[in-house]
Protein chains: 2
Amino acid sequence: MGRRRQSVTIKHVAADAGVSLQTVSRVINNEPNVRPAMKERVQASIDKLGYVPSIAAQRMSGSRSYLILAINDRDLTIADWKAREGRDWVDQMLLGGMLTCAEHGYRMLIELVDTHSDHVERELGAAIAALQPDGVILTPPHSENSLITGLLAEKGIPFARIGSKQEGPGIAMTMGDSHNARLATDHLIELGHERIGFIAGPEDFSLSGWRMEGWASALEDAGFSSEGLCERGDFGFESGARAAERLLGLTEAPTAIIASSDQMALAVLEVARRRGLNVPKDLSLVSFDNSPIVRFTQPALTAIDQPIAATAARAVELLIDARKKPAPAEPVQIQGELVVRGSTASARVDAGS
Amino acid sequence: MGRRRQSVTIKHVAADAGVSLQTVSRVINNEPNVRPAMKERVQASIDKLGYVPSIAAQRMSGSRSYLILAINDRDLTIADWKAREGRDWVDQMLLGGMLTCAEHGYRMLIELVDTHSDHVERELGAAIAALQPDGVILTPPHSENSLITGLLAEKGIPFARIGSKQEGPGIAMTMGDSHNARLATDHLIELGHERIGFIAGPEDFSLSGWRMEGWASALEDAGFSSEGLCERGDFGFESGARAAERLLGLTEAPTAIIASSDQMALAVLEVARRRGLNVPKDLSLVSFDNSPIVRFTQPALTAIDQPIAATAARAVELLIDARKKPAPAEPVQIQGELVVRGSTASARVDAGS
DNA sequence: TTGAAAGCGCTAACAA
DNA sequence: TTGTTAGCGCTTTCAA
């Protein structure tokens, strides 16, 4: 097979155009100090020869690697892929991230890292040393892992923290969780609901708190109480079922429930069915995530759409800009929206009909 | 920000261990001619310093890039991602491909290429020149695009053609389409069906033909006719609906239908509903793909599971081995399996009940 | 079995 | 505005 070498290099272009390597390099990188005529001549040679710079060589000479690394939790991601239940978090990241990368001549690479192990630093450090990415996108629960953010900061690699508002190095980004929860709550209030239950996510996700806060404050603003109407889950089905049992077992049971994940929403649906409650007649239900799964339930679920693709796209842009502009001072917020489907309806005013 | 350089390089390790660069290189690459004691000493320094080789530098010096490129059709992939209907083809490729890559110190990168444009060569050529991948995985409809396979062969880059049995350069791989279609057909025959319709995929996918052939030969072996019971679609919903209308409109309508994609199967379900046919009582239905979507229909669909993850995993292994071993002479076949759910049932013997 | 030298393709720094 | 030089981190010769 022999060693594969670049077929067309900067040298070929330089020779063809009759200029120095440096001039070609300047044209490639769109740098100033090249006369238009010169630029045109070089570009013609580039096109003629079909030259494309090697990112390995570019990286070697101290320039960019044109690589953005998206770090996801290993166990969670693999579990989702194996379950084949249609969760498309990764796909949406790719949709937003890859396409935006492509627009700028970058590539996005997914890396799975085990959050809960004690060798996070080793794993991530190895990926960074091997790939030398120009930017890193962190997703929860990595976004607030100080072992990770510390390492990245130390290495001077720009990174985005999706789902984090914390101060500190890196670009904080959120999907407007508080706002979104309020959106869902207001929707239910408009439908006449007054007792609206909430199933929160686990405490180690900051966004769990933000969502709770959005729900509670929306209720308060409307003059209703949130007291005793919040249960915590871990985003999984089982925990959602337990939470639903507790909420629906209350003497003053809620007439609507907001679940912080689609799995927990499915659990609510199931528990309601077992208890003979009709959704949406007896119980309205709003889910977070809006992953494909919620369209196929009976009824299809009203859901908060998490703007994952838009957030990933924005993250890539900010990361690429990071070499010039400083990171935004405030957390970057991409707002989600409410998608109304069949699981929410007017509250029954009279307990009878 | 300044230029980011590798923090720990082979030089540091060499200095720490008191040996030459070359010796360290030999240890990294597990090459012979290193005394065990020496190897141990070097390895100790590597571990101590947390050294990880830069793939850019490795690639530069004519060695591997440790990159495997998975080429998918741009429009198809983006459409799937945007539709958010749970198709997880990409996820399954990542599941099989990425994890296997990781086991061998490789990374997998997805690249979207526009098949139908006239600049396929330019697009793919650019990706190859930029990334210098050690191997490429082609998925349909790229697998049998001679512009692509020709380019890859010319550049001497090992590649796998998923969904292709053709002779020629590259590793041909199939997911056992003929066998799978037979599996589905035999399942229906065992349930007592004799008139089994088939909705084929488009002609430019070789696998469309293989599936047809599996279905037809299974029918023939059982002594039944396939005459007039095959309609062609394009894998999409609309085409499936048209095909279903034609099949169910026959005077001797089939009592069971096999659809070559889940979208077409959904269409059959819809057409059956419109015609007042109960699935599975009046009509049995088997789908290809087994993507998440088919579990959420009413009833859930019996489906052929395409072993995408396993195939991607095997492709990666073969590609990595390609530098040593020659490619397999015969097409590599990873068989799928039938997942029985609620859309198939016994054929009614009497037309009455 | 080990080491020294050369060079991969490119860019930063400097010189003209 | 353009060109020259040196060097990135590594592996491949080739020599010891």
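Since the model is a prediction, treat every value here as computed from it, not as a measurement. A note on names: the letters A, B, ... follow the listed sequences, proteins ahead of strands, and every chain is numbered from 1.
Picking from dT1(D), dT11(D), dG9(C) the nucleotide with the shortest atom distance to the side chain of T9(A) gives dG9(C). Listed nucleotides: dG7(D), dC10(D), dT11(D). Nearest to the side chain of N29(B): dT11(D). Comparing dC10(C), dT1(D), dT11(D) by their nearest atom to the side chain of S61(A) picks out dC10(C). You'll find that the side chain of Q6(B) is closest to dC10(D), out of dG7(D), dC10(D), dT11(D). Comparing dT2(C), dT11(C), dT1(D) by their nearest atom to the side chain of T23(B) picks out dT2(C).
Looking at every heavy atom in both residues, V120(B) comes nearest to T115(B) through CG2-O, 3.7 Å. Considering every non-hydrogen atom in both P140(B) and W89(B), the closest pair reads CD-CH2, 4.2 Å.
Counting heavy atoms from C-beta outward, T149(A) and E144(A) have side chains that stay 4.5 Å or more apart. Between Q166(A) and S164(A), some side-chain heavy-atom pair lies under the 4.5 Å cut-off. Between S65(A) and Y106(A) there is no side-chain heavy-atom pair separated by less than 4.5 Å. The side-chain heavy atoms of I10(A) and P53(A), taken from C-beta on, include no pair separated by under 4.5 Å. V27(B) is listed as a side-chain neighbour of V34(B), based on a closest heavy-atom distance under 4.5 Å.
Rounded to whole angstrom, the span from the CZ atom of R59(A) across to the C1' atom of dC10(C) amounts to 12 Å. Following rounding to the nearest Å, I10(B) (CD1) and dT12(D) (C1') show an atom-to-atom distance of 12 Å. Separating the CG atom of N33(B) from the P atom of dT11(D) is a distance of 16 Å, rounded to the nearest angstrom. For the pair M60(B) CE and dC10(D) C1', the computed distance is 9 Å after rounding to whole Å. Atoms CD1 (I28(B)) and C1' (dC10(D)) sit 8 Å apart, rounded to a whole Å. Between the C1' atom of dC8(D) and the NE2 atom of H12(B) lies a distance of 13 Å, rounded to the nearest Å. Computed from coordinates, the Q58(A) CD to dC10(C) C1' distance equals 7 Å when rounded to whole Å. For Q132(B) and dC10(D), the CD to C1' distance is 15 Å, given to the nearest whole Å.
At distances below 3.5 Å, at least one donor-acceptor pair connects side-chain atoms of T311(B) with backbone N or O atoms of P307(B).
Computed from C1' positions of five pairs at each end, the angle between the two local axes of the helix from dT1(C)-dA16(D) to dA16(C)-dT1(D) equals 30°, rounded to 10 degrees.
Both Y66(A) and K11(A) sit near DNA chain C, but only K11(A) has its closest nucleotide nearer the 5' end.
Between the base of dG3(C) and the side chain of R26(B) there is a donor-acceptor pair shorter than 3.5 Å.
An OP1 or OP2 oxygen of dT11(C) is reached within less than 4.0 angstrom by a side-chain nitrogen or oxygen of S25(A).
Taking the salt bridge (Lys or Arg N to Asp or Glu O under 4.0 Å) definition, one finds that K324(B) meets it with nothing, sequence neighbours left out. For the salt bridge (Lys or Arg N to Asp or Glu O under 4.0 Å) test, no residue two or more places apart in sequence or in another chain qualifies with D73(A).
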Return all side-chain donor-acceptor pairs below 3.5 angstrom for residues 16-23 of chain B, not counting sequence neighbours, or 'none' if the list is empty.
{"residue": "D16(B)", "atom": "OD1", "partner": "K48(B)", "partner atom": "NZ", "Å": "2.8"}
{"residue": "D16(B)", "atom": "OD2", "partner": "S45(B)", "partner atom": "OG", "Å": "2.6"}
{"residue": "D16(B)", "atom": "OD2", "partner": "K48(B)", "partner atom": "NZ", "Å": "3.3"}
{"residue": "S20(B)", "atom": "OG", "partner": "Q22(B)", "partner atom": "N", "Å": "3.4"}
{"residue": "S20(B)", "atom": "OG", "partner": "T23(B)", "partner atom": "N", "Å": "3.3"}
{"residue": "S20(B)", "atom": "OG", "partner": "T23(B)", "partner atom": "OG1", "Å": "3.2"}

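Taking every heavy atom of residues 13-22 of chain A and every atom of DNA chain D, pairs under 4.0 Å involve V19(A), S20(A), Q22(A), by number. For DNA chain D, the residues of residues 36-53 of chain B within the heavy-atom distance limit of 4.0 Å (strictly under) are Y51(B), P53(B), sorted by number.
Between T9(B) and the choices Q6(B), K11(B), H12(B), the side chain to side chain donor-acceptor pair (under 3.5 Å) rule is met once, by H12(B).
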